[in-house]
Novice: 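Following this message is one structure expressed as C-alpha coordinates.
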Amino acid sequence: MKRTFVAACFTVAALCLMMGGSQSASAKELSGQLEIFSWWAGDEGPALQALIDLYKKENAKVEVVNATVTGGSGVNAKAVLKTRMLGGEPPDSFQVHAGQELIGTWVKADRMEDLTFLFKEQGWMDAFPKGLVTLIGTDTGIWSVPVNIHRSNVNWYVPANLEKWGVMAPKTWDDFFAIAPKLKEKGVVPLALAQNWTANHLWESVALASLGPQNWDALWSGSLAFDSPEGVKAWELFGKVLEFTNDDASSLSWQQATDMVVDGRAAFNVMGDWAAGYMSTTKKLAPGSGFGWAASPGTGGHFMFLADSFGLPQGAPNRDNVLAWLTLLGSKEGSDAFNPLKGSISARTDSDLAKYNDYAKSASADFGKDVIVGSLAHGVTANEGFMNDFASVMEMFLKSRNAAAAGKAAQQIAAKNGIGK
Ligand code: GAL
(Lines give C-alpha, C1' and ligand atoms only; values in the text may rest on other atoms or scores of the structure.)
Protein backbone atom coordinates (compact mmCIF):
# COMPACT_ATOMS: atom_id res chain seq x y z
CA MET A 1 0.00 0.00 0.00
CA LYS A 2 2.72 2.37 1.10
CA ARG A 3 4.81 1.45 -1.96
CA THR A 4 1.86 2.12 -4.28
CA PHE A 5 1.31 5.53 -2.71
CA VAL A 6 4.96 6.46 -3.09
CA ALA A 7 4.95 5.20 -6.68
CA ALA A 8 1.80 7.20 -7.41
CA CYS A 9 3.41 10.35 -6.01
CA PHE A 10 6.39 9.85 -8.26
CA THR A 11 4.13 9.32 -11.24
CA VAL A 12 2.28 12.61 -10.61
CA ALA A 13 5.56 14.47 -10.17
CA ALA A 14 6.97 12.92 -13.35
CA LEU A 15 3.80 13.82 -15.27
CA CYS A 16 4.07 17.39 -14.05
CA LEU A 17 7.63 17.54 -15.27
CA MET A 18 6.80 15.91 -18.61
CA MET A 19 4.03 18.40 -19.23
CA GLY A 20 6.58 21.10 -18.59
CA GLY A 21 4.41 22.76 -15.94
CA SER A 22 6.02 24.44 -12.96
CA GLN A 23 4.83 23.23 -9.58
CA SER A 24 3.56 26.66 -8.78
CA ALA A 25 1.73 27.20 -12.07
CA SER A 26 0.38 23.78 -13.04
CA ALA A 27 -1.57 23.08 -9.87
CA LYS A 28 -4.72 24.72 -11.22
CA GLU A 29 -6.25 25.52 -14.57
CA LEU A 30 -5.11 28.99 -15.47
CA SER A 31 -7.44 31.79 -16.49
CA GLY A 32 -7.48 35.58 -16.64
CA GLN A 33 -4.93 37.54 -18.66
CA LEU A 34 -1.29 37.43 -19.56
CA GLU A 35 0.21 40.63 -20.88
CA ILE A 36 3.48 40.09 -22.73
CA PHE A 37 5.39 43.26 -23.50
CA SER A 38 7.98 43.37 -26.30
CA TRP A 39 9.12 45.19 -29.43
CA TRP A 40 8.43 42.22 -31.66
CA ALA A 41 5.74 43.88 -33.75
CA GLY A 42 4.86 43.36 -37.42
CA ASP A 43 7.70 41.67 -39.33
CA GLU A 44 9.30 40.74 -36.03
CA GLY A 45 6.15 39.01 -34.80
CA PRO A 46 5.95 35.47 -36.25
CA ALA A 47 8.35 33.80 -33.82
CA LEU A 48 6.63 35.33 -30.80
CA GLN A 49 3.27 34.29 -32.24
CA ALA A 50 4.48 30.67 -32.44
CA LEU A 51 5.12 30.81 -28.69
CA ILE A 52 1.78 32.41 -27.97
CA ASP A 53 0.05 29.68 -30.02
CA LEU A 54 1.78 26.99 -27.94
CA TYR A 55 0.83 28.79 -24.74
CA LYS A 56 -2.81 29.02 -25.82
CA LYS A 57 -2.84 25.31 -26.58
CA GLU A 58 -1.91 24.56 -22.97
CA ASN A 59 -3.87 27.41 -21.40
CA ALA A 60 -6.97 27.95 -23.49
CA LYS A 61 -8.69 30.04 -20.82
CA VAL A 62 -5.94 32.63 -20.54
CA GLU A 63 -6.39 35.73 -22.65
CA VAL A 64 -2.96 36.64 -24.00
CA VAL A 65 -2.45 40.35 -24.54
CA ASN A 66 0.41 40.73 -26.99
CA ALA A 67 1.50 44.27 -26.17
CA THR A 68 4.10 45.42 -28.66
CA VAL A 69 5.73 48.79 -29.18
CA THR A 70 7.30 48.88 -32.60
CA GLY A 71 10.91 50.00 -33.15
CA GLY A 72 13.99 47.83 -33.65
CA SER A 73 16.16 46.96 -30.66
CA GLY A 74 13.44 48.30 -28.38
CA VAL A 75 14.22 51.97 -28.96
CA ASN A 76 10.60 52.95 -28.23
CA ALA A 77 9.50 49.96 -26.14
CA LYS A 78 12.13 50.51 -23.47
CA ALA A 79 10.94 54.07 -22.84
CA VAL A 80 7.32 52.91 -22.49
CA LEU A 81 8.40 50.09 -20.20
CA LYS A 82 10.30 52.50 -18.00
CA THR A 83 7.21 54.68 -17.55
CA ARG A 84 5.09 51.67 -16.67
CA MET A 85 7.61 50.12 -14.29
CA LEU A 86 8.25 53.36 -12.47
CA GLY A 87 4.53 54.13 -12.41
CA GLY A 88 3.81 50.83 -10.65
CA GLU A 89 2.02 49.30 -13.66
CA PRO A 90 4.36 46.56 -14.84
CA PRO A 91 3.28 44.24 -17.65
CA ASP A 92 3.07 40.59 -16.61
CA SER A 93 6.30 39.80 -18.42
CA PHE A 94 8.59 41.86 -20.64
CA GLN A 95 11.40 41.39 -23.15
CA VAL A 96 14.79 42.38 -21.84
CA HIS A 97 18.32 41.59 -22.98
CA ALA A 98 20.40 39.27 -20.87
CA GLY A 99 23.28 41.18 -19.30
CA GLN A 100 23.55 44.74 -18.05
CA GLU A 101 20.25 45.86 -19.58
CA LEU A 102 18.58 43.49 -17.11
CA ILE A 103 21.01 43.45 -14.19
CA GLY A 104 22.24 47.05 -14.28
CA THR A 105 18.72 48.38 -14.73
CA TRP A 106 15.73 46.43 -13.39
CA VAL A 107 17.53 44.08 -11.00
CA LYS A 108 19.54 46.94 -9.57
CA ALA A 109 16.32 48.84 -8.98
CA ASP A 110 14.89 45.75 -7.20
CA ARG A 111 11.94 45.44 -9.58
CA MET A 112 12.24 41.74 -10.53
CA GLU A 113 11.38 38.46 -8.84
CA ASP A 114 14.10 35.88 -8.32
CA LEU A 115 13.49 32.90 -10.63
CA THR A 116 16.05 30.53 -9.12
CA PHE A 117 13.27 28.21 -7.93
CA LEU A 118 11.94 27.88 -11.50
CA PHE A 119 15.41 27.17 -12.88
CA LYS A 120 15.88 24.40 -10.32
CA GLU A 121 12.39 23.01 -10.79
CA GLN A 122 12.79 22.87 -14.59
CA GLY A 123 16.36 21.55 -14.64
CA TRP A 124 17.54 24.73 -16.38
CA MET A 125 20.75 25.03 -14.37
CA ASP A 126 22.10 22.36 -16.74
CA ALA A 127 20.00 23.12 -19.83
CA PHE A 128 21.52 26.58 -20.40
CA PRO A 129 25.23 27.32 -20.79
CA LYS A 130 26.80 28.33 -17.47
CA GLY A 131 28.05 31.64 -18.90
CA LEU A 132 24.53 32.61 -19.87
CA VAL A 133 23.10 31.79 -16.44
CA THR A 134 25.86 33.95 -14.94
CA LEU A 135 24.82 36.79 -17.23
CA ILE A 136 21.20 36.75 -16.07
CA GLY A 137 22.10 36.20 -12.43
CA THR A 138 23.64 37.95 -9.45
CA ASP A 139 24.73 36.75 -6.01
CA THR A 140 21.13 36.98 -4.91
CA GLY A 141 19.18 35.38 -7.75
CA ILE A 142 18.47 34.50 -11.39
CA TRP A 143 16.35 37.16 -12.98
CA SER A 144 15.04 36.13 -16.40
CA VAL A 145 14.55 33.24 -18.80
CA PRO A 146 16.59 33.42 -22.03
CA VAL A 147 14.79 32.53 -25.26
CA ASN A 148 17.61 32.73 -27.79
CA ILE A 149 21.14 33.55 -28.80
CA HIS A 150 21.45 36.15 -31.56
CA ARG A 151 24.65 37.08 -33.35
CA SER A 152 25.26 40.77 -33.88
CA ASN A 153 28.36 40.82 -36.14
CA VAL A 154 26.98 39.50 -39.42
CA ASN A 155 27.38 40.97 -42.90
CA TRP A 156 24.45 40.14 -45.20
CA TYR A 157 24.40 40.09 -49.00
CA VAL A 158 22.73 38.48 -51.99
CA PRO A 159 25.18 36.07 -53.67
CA ALA A 160 23.82 36.56 -57.21
CA ASN A 161 24.17 40.34 -56.90
CA LEU A 162 27.78 40.14 -55.73
CA GLU A 163 28.52 37.91 -58.70
CA LYS A 164 26.85 40.36 -61.07
CA TRP A 165 28.91 43.24 -59.65
CA GLY A 166 32.11 41.17 -59.65
CA VAL A 167 32.86 41.50 -55.93
CA MET A 168 33.22 39.14 -52.98
CA ALA A 169 32.11 39.49 -49.37
CA PRO A 170 34.95 41.41 -47.68
CA LYS A 171 36.93 39.62 -44.99
CA THR A 172 38.41 42.85 -43.64
CA TRP A 173 37.49 46.54 -43.77
CA ASP A 174 40.46 47.08 -46.12
CA ASP A 175 38.86 44.54 -48.47
CA PHE A 176 35.66 46.56 -48.20
CA PHE A 177 37.41 49.87 -48.93
CA ALA A 178 38.95 48.25 -52.02
CA ILE A 179 35.57 47.31 -53.53
CA ALA A 180 33.33 50.07 -52.18
CA PRO A 181 34.29 52.75 -54.78
CA LYS A 182 33.61 50.25 -57.60
CA LEU A 183 30.17 49.56 -56.19
CA LYS A 184 29.50 53.29 -55.90
CA GLU A 185 30.44 53.79 -59.55
CA LYS A 186 27.81 51.22 -60.47
CA GLY A 187 25.22 53.19 -58.50
CA VAL A 188 25.13 50.63 -55.69
CA VAL A 189 25.27 51.70 -52.04
CA PRO A 190 28.20 49.71 -50.60
CA LEU A 191 26.76 49.41 -47.08
CA ALA A 192 23.10 49.93 -46.15
CA LEU A 193 22.44 51.70 -42.86
CA ALA A 194 19.24 52.66 -41.05
CA GLN A 195 18.25 54.80 -38.04
CA ASN A 196 20.49 55.78 -35.10
CA TRP A 197 20.45 52.48 -33.19
CA THR A 198 21.69 50.64 -36.30
CA ALA A 199 24.66 53.01 -36.30
CA ASN A 200 25.39 51.80 -32.75
CA HIS A 201 25.00 48.30 -34.09
CA LEU A 202 27.45 48.90 -36.92
CA TRP A 203 29.80 50.67 -34.51
CA GLU A 204 30.14 47.63 -32.27
CA SER A 205 31.12 45.40 -35.19
CA VAL A 206 33.61 47.98 -36.48
CA ALA A 207 35.00 48.52 -32.98
CA LEU A 208 35.40 44.78 -32.48
CA ALA A 209 37.33 44.58 -35.76
CA SER A 210 39.50 47.52 -34.77
CA LEU A 211 40.11 46.57 -31.12
CA GLY A 212 40.00 42.77 -31.16
CA PRO A 213 38.05 40.79 -28.56
CA GLN A 214 40.44 41.40 -25.66
CA ASN A 215 40.38 45.16 -25.93
CA TRP A 216 36.64 45.08 -26.59
CA ASP A 217 36.17 43.33 -23.25
CA ALA A 218 38.67 45.73 -21.66
CA LEU A 219 36.42 48.68 -22.56
CA TRP A 220 33.65 47.18 -20.43
CA SER A 221 35.81 46.01 -17.55
CA GLY A 222 37.18 49.54 -17.36
CA SER A 223 40.78 48.59 -18.12
CA LEU A 224 40.83 50.36 -21.50
CA ALA A 225 39.57 53.91 -21.84
CA PHE A 226 37.32 54.97 -24.72
CA ASP A 227 39.61 57.93 -25.30
CA SER A 228 42.77 55.78 -25.40
CA PRO A 229 44.56 55.69 -28.78
CA GLU A 230 42.92 52.28 -29.42
CA GLY A 231 39.49 53.60 -28.52
CA VAL A 232 39.82 56.64 -30.79
CA LYS A 233 41.14 54.48 -33.65
CA ALA A 234 37.88 52.50 -33.57
CA TRP A 235 35.91 55.73 -34.09
CA GLU A 236 38.24 56.71 -36.94
CA LEU A 237 37.63 53.43 -38.73
CA PHE A 238 33.90 53.80 -38.11
CA GLY A 239 34.01 57.26 -39.71
CA LYS A 240 35.67 55.82 -42.83
CA VAL A 241 33.05 53.07 -43.06
CA LEU A 242 30.23 55.62 -42.78
CA GLU A 243 31.45 57.29 -45.97
CA PHE A 244 30.09 54.32 -47.90
CA THR A 245 26.60 54.27 -46.39
CA ASN A 246 23.33 55.76 -47.69
CA ASP A 247 22.40 59.40 -46.96
CA ASP A 248 18.83 58.65 -45.92
CA ALA A 249 19.87 56.22 -43.16
CA SER A 250 18.25 58.11 -40.29
CA SER A 251 14.76 57.71 -41.79
CA LEU A 252 14.95 53.95 -42.37
CA SER A 253 14.02 50.97 -40.20
CA TRP A 254 16.42 48.04 -40.01
CA GLN A 255 14.09 46.08 -42.28
CA GLN A 256 14.28 48.82 -44.90
CA ALA A 257 18.07 48.65 -44.82
CA THR A 258 17.84 44.87 -45.30
CA ASP A 259 15.40 45.49 -48.18
CA MET A 260 18.04 47.63 -49.89
CA VAL A 261 20.30 44.57 -50.02
CA VAL A 262 17.51 42.21 -51.05
CA ASP A 263 16.39 44.59 -53.85
CA GLY A 264 19.94 45.09 -55.12
CA ARG A 265 20.15 48.77 -54.17
CA ALA A 266 22.92 48.04 -51.67
CA ALA A 267 25.64 45.41 -51.54
CA PHE A 268 25.95 44.75 -47.80
CA ASN A 269 24.28 45.34 -44.46
CA VAL A 270 25.79 44.64 -41.05
CA MET A 271 22.91 43.55 -38.85
CA GLY A 272 22.06 40.96 -36.25
CA ASP A 273 20.72 37.64 -37.39
CA TRP A 274 17.10 38.66 -36.86
CA ALA A 275 17.77 39.75 -40.47
CA ALA A 276 18.05 36.03 -41.30
CA GLY A 277 14.64 35.55 -39.68
CA TYR A 278 13.24 38.46 -41.69
CA MET A 279 14.70 37.24 -44.98
CA SER A 280 13.72 33.60 -44.53
CA THR A 281 10.42 33.90 -42.61
CA THR A 282 8.96 37.10 -44.08
CA LYS A 283 10.72 37.41 -47.44
CA LYS A 284 10.81 33.63 -48.04
CA LEU A 285 14.40 33.72 -49.29
CA ALA A 286 16.51 30.59 -49.02
CA PRO A 287 19.64 30.88 -46.88
CA GLY A 288 22.71 30.32 -49.04
CA SER A 289 21.11 31.15 -52.39
CA GLY A 290 18.52 33.87 -51.66
CA PHE A 291 20.78 35.52 -49.12
CA GLY A 292 24.34 35.01 -47.99
CA TRP A 293 26.27 35.94 -44.86
CA ALA A 294 29.75 36.29 -43.42
CA ALA A 295 31.19 37.58 -40.17
CA SER A 296 31.27 41.38 -40.42
CA PRO A 297 34.64 42.53 -41.81
CA GLY A 298 37.58 41.89 -39.51
CA THR A 299 35.60 39.79 -37.03
CA GLY A 300 35.97 36.26 -38.46
CA GLY A 301 36.24 33.78 -35.57
CA HIS A 302 34.51 36.18 -33.18
CA PHE A 303 30.88 35.79 -32.20
CA MET A 304 29.33 38.93 -30.76
CA PHE A 305 26.26 37.64 -29.01
CA LEU A 306 23.13 38.83 -27.29
CA ALA A 307 20.15 37.04 -25.81
CA ASP A 308 16.53 38.07 -25.50
CA SER A 309 14.91 37.05 -22.26
CA PHE A 310 11.70 37.55 -20.30
CA GLY A 311 11.32 38.06 -16.59
CA LEU A 312 8.75 38.35 -13.86
CA PRO A 313 8.44 41.90 -12.57
CA GLN A 314 7.48 42.35 -8.93
CA GLY A 315 3.78 43.09 -8.73
CA ALA A 316 2.94 41.40 -12.04
CA PRO A 317 -0.86 41.21 -12.08
CA ASN A 318 -1.05 37.56 -13.23
CA ARG A 319 1.89 35.81 -11.60
CA ASP A 320 0.79 32.20 -12.17
CA ASN A 321 0.14 32.88 -15.84
CA VAL A 322 3.61 34.35 -16.13
CA LEU A 323 5.21 31.30 -14.54
CA ALA A 324 3.53 29.09 -17.14
CA TRP A 325 4.74 31.49 -19.86
CA LEU A 326 8.31 31.44 -18.59
CA THR A 327 8.19 27.66 -18.27
CA LEU A 328 7.27 27.43 -21.96
CA LEU A 329 10.01 29.90 -22.98
CA GLY A 330 12.69 27.89 -21.27
CA SER A 331 11.47 24.54 -22.58
CA LYS A 332 13.03 22.70 -25.49
CA GLU A 333 9.70 22.65 -27.31
CA GLY A 334 9.17 26.40 -26.92
CA SER A 335 12.72 27.21 -27.88
CA ASP A 336 12.69 25.04 -31.00
CA ALA A 337 9.36 26.54 -32.12
CA PHE A 338 10.53 30.13 -31.64
CA ASN A 339 14.13 30.23 -32.84
CA PRO A 340 13.88 28.70 -36.34
CA LEU A 341 11.48 31.54 -37.23
CA LYS A 342 13.44 34.23 -35.40
CA GLY A 343 16.85 33.71 -37.04
CA SER A 344 18.47 33.00 -33.69
CA ILE A 345 19.72 29.76 -32.19
CA SER A 346 18.38 28.19 -29.04
CA ALA A 347 19.85 29.27 -25.73
CA ARG A 348 19.55 25.64 -24.61
CA THR A 349 22.37 23.21 -25.20
CA ASP A 350 20.04 20.38 -26.33
CA SER A 351 18.15 22.00 -29.23
CA ASP A 352 17.07 19.94 -32.22
CA LEU A 353 19.17 21.38 -35.05
CA ALA A 354 17.18 19.42 -37.64
CA LYS A 355 14.47 22.06 -37.16
CA TYR A 356 16.80 24.91 -38.14
CA ASN A 357 17.88 26.26 -41.53
CA ASP A 358 21.42 26.41 -42.92
CA TYR A 359 22.08 29.88 -41.57
CA ALA A 360 21.20 28.85 -38.01
CA LYS A 361 23.22 25.66 -38.35
CA SER A 362 26.28 27.71 -39.30
CA ALA A 363 25.65 30.16 -36.44
CA SER A 364 25.36 27.26 -34.04
CA ALA A 365 28.67 25.81 -35.26
CA ASP A 366 30.36 29.22 -34.91
CA PHE A 367 28.93 29.69 -31.42
CA GLY A 368 30.57 26.42 -30.47
CA LYS A 369 34.05 27.38 -31.66
CA ASP A 370 34.39 31.18 -31.90
CA VAL A 371 35.65 33.67 -29.33
CA ILE A 372 32.48 34.97 -27.67
CA VAL A 373 32.03 38.64 -26.81
CA GLY A 374 28.98 40.60 -25.65
CA SER A 375 26.99 43.15 -27.64
CA LEU A 376 26.77 46.77 -26.54
CA ALA A 377 23.86 47.77 -28.77
CA HIS A 378 21.74 44.94 -27.39
CA GLY A 379 22.22 45.15 -23.69
CA VAL A 380 24.98 42.71 -22.79
CA THR A 381 27.87 44.97 -21.85
CA ALA A 382 26.32 48.21 -20.59
CA ASN A 383 23.34 49.44 -18.62
CA GLU A 384 20.50 51.55 -20.00
CA GLY A 385 21.99 54.75 -18.65
CA PHE A 386 25.11 54.28 -20.76
CA MET A 387 23.07 53.20 -23.79
CA ASN A 388 20.88 56.29 -23.68
CA ASP A 389 23.91 58.54 -23.41
CA PHE A 390 25.72 56.59 -26.11
CA ALA A 391 22.88 57.37 -28.53
CA SER A 392 23.70 61.07 -28.02
CA VAL A 393 27.41 60.47 -28.53
CA MET A 394 26.53 58.68 -31.75
CA GLU A 395 24.28 61.56 -32.91
CA MET A 396 27.16 63.92 -32.29
CA PHE A 397 29.61 61.74 -34.19
CA LEU A 398 27.28 61.25 -37.15
CA LYS A 399 27.24 65.04 -37.55
CA SER A 400 30.81 65.97 -36.60
CA ARG A 401 32.79 62.82 -37.54
CA ASN A 402 35.24 63.88 -34.83
CA ALA A 403 36.78 60.64 -33.52
CA ALA A 404 38.78 62.22 -30.68
CA ALA A 405 35.71 64.08 -29.38
CA ALA A 406 33.58 60.93 -29.59
CA GLY A 407 36.20 58.93 -27.66
CA LYS A 408 36.32 61.61 -24.99
CA ALA A 409 32.53 61.84 -24.72
CA ALA A 410 32.22 58.04 -24.54
CA GLN A 411 34.74 57.98 -21.70
CA GLN A 412 32.76 60.62 -19.83
CA ILE A 413 29.49 58.70 -20.10
CA ALA A 414 31.29 55.49 -19.10
CA ALA A 415 32.43 57.18 -15.88
CA LYS A 416 28.99 58.70 -15.29
CA ASN A 417 27.21 55.34 -15.70
CA GLY A 418 29.66 53.28 -13.68
CA ILE A 419 31.06 51.20 -16.57
CA GLY A 420 33.80 48.91 -15.29
CA LYS A 421 32.94 49.64 -11.66
C1 GAL B 1 17.32 43.22 -30.76
C2 GAL B 1 16.59 42.01 -30.27
C3 GAL B 1 16.25 41.13 -31.42
C4 GAL B 1 15.55 41.92 -32.51
C5 GAL B 1 16.29 43.20 -32.84
C6 GAL B 1 15.64 44.10 -33.84
O7 GAL B 1 17.62 44.08 -29.70
O8 GAL B 1 17.39 41.34 -29.37
O9 GAL B 1 15.48 40.06 -30.99
O10 GAL B 1 14.27 42.16 -32.12
O11 GAL B 1 16.53 43.93 -31.68
O12 GAL B 1 14.51 44.69 -33.33
Side-chain angles (χ1 to χ4, degrees), residues 36-52 66-81 93-102 105 132 135-136 144-154 156 192-205 252-259 269-283 303-311 329 334-335 337-347 359-360 363 367 374-384 386-388 390-391 394:
I36 305 158
F37 186 89
S38 79
W39 59 86
W40 289 332
D43 291 330
E44 294 222 64
L48 177 62
Q49 192 55 48
L51 280 174
I52 294 176
N66 184 7
T68 53
V69 178
T70 192
S73 86
V75 274
N76 307 319
K78 286 183 208 167
V80 175
L81 177 70
S93 187
F94 63 85
Q95 177 186 3
V96 62
H97 288 122
Q100 282 305 307
E101 184 179 312
L102 168 73
T105 306
L132 186 56
L135 204 68
I136 49 174
S144 70
V145 179
V147 288
N148 62 9
I149 301 285
H150 266 306
R151 185 176 193 173
S152 157
N153 61 318
V154 192
W156 306 98
L193 189 67
Q195 65 198 106
N196 182 303
W197 75 264
T198 73
N200 296 343
H201 186 104
L202 176 62
W203 182 83
E204 69 182 10
S205 277
L252 302 184
S253 67
W254 70 263
Q255 291 96 331
Q256 287 173 313
T258 308
D259 289 345
N269 175 228
V270 172
M271 188 39 59
D273 50 15
W274 41 91
Y278 174 63
M279 287 187 279
S280 55
T281 307
T282 306
K283 296 263 157 181
F303 192 114
M304 185 173 262
F305 93 102
L306 59 120
D308 293 298
S309 72
F310 284 79
L329 297 188
S335 190
F338 174 83
N339 286 298
L341 298 171
K342 186 70 172 67
S344 39
I345 54 175
S346 175
Y359 168 72
F367 190 63
S375 157
L376 162 69
H378 307 278
V380 180
T381 59
N383 56 34
E384 280 296 280
F386 181 88
M387 277 313 296
N388 288 335
F390 193 79
M394 181 56 73

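Remember, it's 1-based here, ligands and their atoms both numbered in the order they're listed. Residue indices begin at 1 and follow the sequence shown.
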Novice: Considering both backbone and side-chain atoms of Trp39, is one of its nitrogen or oxygen atoms within less than 3.5 Å of a nitrogen or oxygen in ligand 1?
Specialist: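 Yes.
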Novice: Looking at atom 1 (C) of ligand 1, what's its closest protein heavy atom, distance included?
Specialist: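 Going atom by atom, the protein heavy atom closest to atom 1 (C) of ligand 1 ends up being His378 ND1, 3.3 Å.
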Novice: At a 4.0 Å threshold, what atoms of ligand 1 neighbour a non-hydrogen atom of Gly72?
Specialist: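 Close to Gly72: 12 (O).
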Novice: Could you tell me the separation between the CG atom of Leu341 and the CG atom of Leu48, rounded to the nearest 0.5 Å?
Specialist: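 Spacing of CG (Leu341) from CG (Leu48) equals 11.0 Å.
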Novice: Using a strict 4.0 Å cut-off to heavy atoms of His97, name the atoms of ligand 1 that fall inside it.
Specialist: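 Those of ligand 1 that fall under 4.0 Å from His97 are 1 (C), 2 (C), 7 (O), 8 (O).
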Novice: Show the numbers, then the answer: is there a side-chain contact (heavy atoms from CB on, under 4.5 Å) between Phe305 and Val380?
Specialist: CA-CA 8 Å; Phe305 93 102; Val380 180; 4.2 Å; yes
Novice: Between ligand 1 and Trp197, is the shortest N or O to N or O distance under 3.5 Å?
Specialist: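 Checking ligand 1 against Trp197, no N or O pair falls under 3.5 Å apart.
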Novice: Under 3.5 Å, is there a donor-acceptor pair between the side chain of Ser335 and the main chain of Ser346?
Specialist: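 No.
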Novice: Has Asp273 got a side-chain atom pairing as donor or acceptor with Arg151's backbone, closer than 3.5 angstrom?
Specialist: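 Between the backbone of Arg151 and the side chain of Asp273 there is a qualifying donor-acceptor contact (under 3.5 Å).
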Novice: List the closest protein heavy-atom neighbour of atom 12 (O) of ligand 1: residue, atom name, distance to the nearest 0.1 Å.
Specialist: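 The closest one turns out to be Glu44 OE2, 2.5 Å.
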Novice: Using a strict 4.0 Å cut-off to heavy atoms of Trp254, name the atoms of ligand 1 that fall inside it.
Specialist: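 Under 4.0 Å from Trp254, ligand 1 has these atoms: 6 (C), 12 (O).
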Novice: With backbone taken as N, CA, C and O and side chain as the heavy atoms from C-beta onward, which portion of Leu306 lies under 4.0 Å from ligand 1: side chain, backbone, both, or neither?
Specialist: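 Near ligand 1, Leu306 shows its side chain, while the N, CA, C and O stay back.
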Novice: State which residue, out of Glu101, Glu204, His97, fulfils the side-chain hydrogen bond (donor to acceptor under 3.5 Å, both in side chains) condition with Ser375.
Specialist: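 Considering Glu101, Glu204, His97, a side-chain hydrogen bond (donor to acceptor under 3.5 Å, both in side chains) with Ser375 is found only for Glu204.
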Novice: Please confirm whether Lys342 comes within less than 3.5 Å of ligand 1 when only nitrogen or oxygen atoms on both sides are compared.
Specialist: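 Yes, Lys342 has an N/O under 3.5 Å of an N/O on ligand 1.
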Novice: So is there a nitrogen or oxygen of Trp274 less than 3.5 Å from a nitrogen or oxygen in ligand 1?
Specialist: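 Trp274 vs ligand 1: no N/O contact under 3.5 Å.
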Novice: Side chains of Asn339 and Ser344: do they bring a donor and an acceptor to under 3.5 Å?
Specialist: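 The answer is yes; a qualifying pair exists.
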Novice: Examine distances only and state if a side-chain atom of His201 and a backbone atom of Gly272 form a donor-acceptor pair shorter than 3.5 Å.
Specialist: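 Such a contact is found between His201 side chain and Gly272 backbone.
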Novice: So which protein heavy atom does atom 2 (C) of ligand 1 come closest to, and at what separation?
Specialist: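 It is Asp308 OD1, 3.4 Å.
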Novice: Kindly list each side-chain donor-acceptor pair under 3.5 angstrom involving residues 37-47, sequence neighbours excluded, with atom names and distances?
Specialist:
residue, atom, partner, partner atom, Å
Ser38, OG, Trp40, N, 3.1
Glu44, OE2, Trp254, NE1, 3.4

